[in-house]
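For reference, positions follow the sequence shown, starting with 1.
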Amino acid sequence: MTGSPTERRNTMMSADVAGVAEEDPGMADAGPSREGFIESGDDRTWYRITGAIGDRPTLIALHGGPGATHDYLLPLTGLAAPGRAVVHYDQLGNGRSTHLPDAAPASWAVQRFLDELDALLTGLGIVRNYVLLGQSWGGMLAAEHAVRRPSGLRGLIIANSPASMRLWSAAADELRAELPASVQGALLRHEADGTTDSDEYGEAMRVYYRRHVCRLDPWPDELEATLAAIDADPTVYHTMNGPSEFHVSGSLRNWSIDDRLSAIDTPTLVINGRYDEATDETVRPFVEQIRGARWVRFEESSHMPHLEEPTRFLEVVGGFLEGLHSHPQRNGQLLL
């Protein structure tokens with residue numbers, strides 16, 4: 001990945017500033033793509049559509065963070081098929097969408113991103129026929145959308161997401177306890193001193209990330225691009241999450257949806273990895289409380305099986321999507 005995060009962002013944004021761009025001949029195996037913006041007041045949400053919107057539900061990819069970008073989810077373009085497009089977008093405050101570094105911290109709330117998702121679905125004309133795939137924070141957001149029972153939601157894929165931050169924090173404590181003593185000491189020392197922006201703290205975080213976030217070495221360019229974008233503007237990540245994956249001190253620290261999951265009535269696929277920071281216990285409420293939910297654990301993956309086991313990931317998710325198209329549904333269950 002060449003160029004600074006700002007240079008990459010400016011290059012991407014220059015492609016289109018007023019709607020749908022020219023078709024991109026790249027990513028030929030997934031079909032052509034086009035980019036644009038959904039505008040809401042002074043805010044603009046950048047999106048990319050791969051493939052042609054047709055009779056099959058459009059797949060919307062909701063990235064994690066909060067405060068990440070779509071880049072690390074680009075392999076999901078492999079799910080585009082005749083009649084089914086794949087939409088990526090950068091959530092507000094991130095990537096190619098409007099940045100708001102001076103916004104009031106209280107404004108970075110779940111509702112803001114639900115409103116943005118609604119505007120995207122309406123603006124793209126797909127509000128009556130779509131599937132959500134949310135990864136990490138994106139899965140939390142997708143679940144918040146699904147509990148409202150929107151009539152056009154045809155399927156839900158929750159990938160590597162906790163059902164509550166209580167469960168997430170408990171899992172992080174257990175996983176941190178397995179780190180080398182020197183790494184644990186560095187984490188605790190800098191958290192106590194308020195120096196989590198230090199290089200030593202960053203190196204200690206990397207040890208955890210390489211065990212429980214992405215076990216590939218080296219990390220893919222798509223993931224490095226997302227991490228660079230967070231470094232360039234960490235406003236949303238720091239406000240809603242905190243200084244790291246395992247130290248949640250932001251506005252999401254008390255978030256939970258596990259007492260509302262029974263309201264979801266759409267076919268649901270739940271995904272996590274064997275080494276995932278989203279451990280089995282953090283995802284279990286989705287499986288137990290969403291009627292008919294299917295759970296697939298990727299045995300060679302941590303938090304990003306779409307990067308760590310890409311072939312199997314596309315097979316599993318693609319099969320789920322084909323099932324939505326091929327079989328009738330009722331009360332959240334596929335009738336196979």
Exercise for review: Answer yes when Arg176 and Glu191 have at least one side-chain N-carboxylate O distance shorter than 4.0 Å, and no when they do not.
Suggested key: yes
Check your understanding: When hydrophobic residues are tied together by side-chain contacts of less than 4.5 Å, even through go-betweens, does Tyr208 share a cluster with Leu188?
Key -> no
Practice item. Taking His88 for its side chain and Leu73 for its backbone only, find out whether a donor-acceptor pair lies under 3.5 Å. Key: yes
Review point. Checking salt bridge (charged side-chain N to carboxylate O under 4.0 Å, His left out) for the pair Asp118/Arg148: CA distance, chi angles, key distance, verdict?
Key: CA-CA 12 Å; Asp118 286 344; Arg148 302 183 302 172; 3.0 Å; yes
Practice item. Kindly indicate, with the supporting measurements, whether the criterion side chain to side chain contact (heavy atoms under 4.5 Å, CB included) is fulfilled by Val213 and Met304. Key: CA-CA 6 Å; Val213 177; Met304 299 188 179; 3.9 Å; yes
Review point. Do Ser262 and Gln289 get their side chains close enough for a donor-acceptor pair, meaning under 3.5 Å?
Key: no
Review point. Do the charged groups of Glu322 and Arg84 touch, with an N to O distance under 4.0 Å?
Key: yes
**Study point:** Near-ring test Tyr209/His303, centroid separation under 6.0 angstrom
**Key:** no
Practice item. Please name the pair of heavy atoms, one in Gly64 and one in Ser136, separated by the smallest distance, quoted to 0.1 Å. Key: CA-CB, 4.3 Å
**Study point:** Distance-only side-chain donor-acceptor flag, Asn272 / Asp280, under 3.5 Å
**Key:** yes
Exercise for review: Answer whether the closest heavy-atom distance between the side chains of Ile271 and Pro305 falls below 4.5 Å.
Suggested key: yes
**Study point:** Modelled atom types, side-chain donor and acceptor of Ser97 and Thr45, under 3.5 Å
**Key:** no
Exercise for review: Decide, yes or no, whether a salt bridge links Glu144 with Arg260 under the criterion of side-chain N to carboxylate O below 4.0 Å.
Suggested key: yes
Review point. Passes side chain to side chain donor-acceptor pair (under 3.5 Å), Arg215 versus Ser302? Steps please.
Key: CA-CA 7 Å; Arg215 295 169 68 86; Ser302 57; 5.5 Å; no
Exercise for review: Flag this pair as yes if the NZ/CZ of Arg294 is under 6.0 angstrom from the six-membered ring centre of Phe320 and inside a 45 degree cone about the axis; otherwise no.
Suggested key: no
Review point. Would you say Arg128 has more than 12 foreign heavy atoms packed within less than 6.0 Å of its CZ?
Key: no
Check your understanding: So, the side chain of Glu35 versus the backbone of Tyr47: is there a donor-acceptor pair under 3.5 Å, distance only?
Key -> no
Check your understanding: Under 6.0 Å between ring centres, would you say that holds for His145 and Phe113?
Key -> no
Point to revise | salt bridge (charged side-chain N to carboxylate O under 4.0 Å, His left out) between Arg189 and Glu200, worked out | key: CA-CA 10 Å; Arg189 183 170 61 256; Glu200 186 182 28; 2.9 Å; yes
Practice item. Kindly indicate whether a cation-pi arrangement holds for Arg112 with Trp108, taking the cut-offs as under 6.0 Å to the six-membered ring centre and within 45° of the axis. Key: yes
Review point. With a cut-off of 6.0 Å (strictly less than), are more than 12 heavy atoms of other residues, nucleotides or ligands near CG of Asp55?
Key: yes
Exercise for review: Would you indicate whether the side-chain heavy atoms of Glu178 and Glu174 approach each other to under 4.5 Å?
Suggested key: no
**Study point:** Cationic N near anionic O, under 4.0 Å, Arg291 to Asp265
**Key:** no
Review point. Quick one: does Tyr130's side chain get under 4.5 Å of Leu59's, heavy atoms only?
Key: no
Review point. Does a side chain donor of either Trp137 or Gln91 reach within less than 3.5 Å of an acceptor in the other side chain?
Key: yes
Exercise for review: Run the salt-bridge test on Asp258 and Arg284 with the 4.0 Å N-O cut-off and return the result as yes or no.
Suggested key: no
Exercise for review: For the pair Trp295 and Val283, evaluate side chain to side chain contact (heavy atoms under 4.5 Å, CB included) and give the outcome as yes or no after the intermediate values.
Suggested key: CA-CA 9 Å; Trp295 182 4; Val283 306; 3.6 Å; yes
Review point. More than 12 non-hydrogen atoms from neighbouring residues, nucleotides or ligands closer than 6.0 Å to CG on Asp42, yes or no?
Key: no
Revision key, fill the gap. Exactly one of Val207, Thr279, Asp276, Leu175 clears side-chain contact (heavy atoms from CB on, under 4.5 Å) with His212, and that residue is Leu175
Check your understanding: How long is the gap from CZ on Arg96 to CH2 on Trp46, to the nearest 0.5 Å?
Key -> 5.0 Å
Check your understanding: Do Leu167 and Met165 belong to the same hydrophobic cluster, where Ile, Leu, Val, Met, Phe, Trp and Tyr are linked whenever their side-chain heavy atoms lie under 4.5 Å apart, directly or via other members?
Key -> no
Point to revise | Contact check, side chains of Leu92 and Asn94, non-hydrogen atoms, under 4.5 Å | key: no
Review point. Could you give the distance from CE (Met240) to OG (Ser251), rounded to the nearest 0.5 Å?
Key: 4.5 Å
**Study point:** Residue from Leu156, Thr266, Ile157 passing side-chain contact (heavy atoms from CB on, under 4.5 Å) with Leu132
**Key:** Leu156
Practice item. Please answer whether the main-chain N or O of Tyr72 pairs with a side-chain N or O of Thr226 as donor and acceptor at a distance below 3.5 Å. Key: yes
Exercise for review: Could you give me the CA-CA distance, side-chain angles and deciding distance for Leu62 and Leu117, then say whether side chain to side chain contact (heavy atoms under 4.5 Å, CB included) is met?
Suggested key: CA-CA 9 Å; Leu62 282 62; Leu117 177 56; 4.2 Å; yes
Check your understanding: Parallel, tilted or perpendicular: which describes the rings of His63 and Tyr89, with under 30° parallel and over 60° perpendicular?
Key -> tilted
Exercise for review: Output, in order, the C-alpha distance, side-chain angles, deciding distance and verdict of side chain to side chain contact (heavy atoms under 4.5 Å, CB included) for Val87 and Arg48.
Suggested key: CA-CA 6 Å; Val87 175; Arg48 173 183 180 136; over 6 Å; no
Review point. What do the steps show when you test Asp71 against Thr69 for side chain to side chain donor-acceptor pair (under 3.5 Å), and what is the final call?
Key: CA-CA 6 Å; Asp71 301 87; Thr69 63; 2.6 Å; yes
**Study point:** Straight-line distance of Leu74 CG to Asp221 CG, nearest 0.5 Å
**Key:** 11.0 Å
Point to revise | Pair Thr98, Arg44: side-chain N/O donor-acceptor within cut-off below 3.5 Å | key: no
Practice item. Give the ring-plane orientation class for Phe313 versus Phe298, where under 30° counts as parallel, over 60° as perpendicular and anything between as tilted. Key: tilted
Practice item. Verify the distance criterion only: is there a donor paired with an acceptor across the side chains of Glu308 and Tyr275 at less than 3.5 Å? Key: no
Check your understanding: How about Thr196 and His190: does a side-chain donor come under 3.5 Å of a side-chain acceptor?
Key -> no
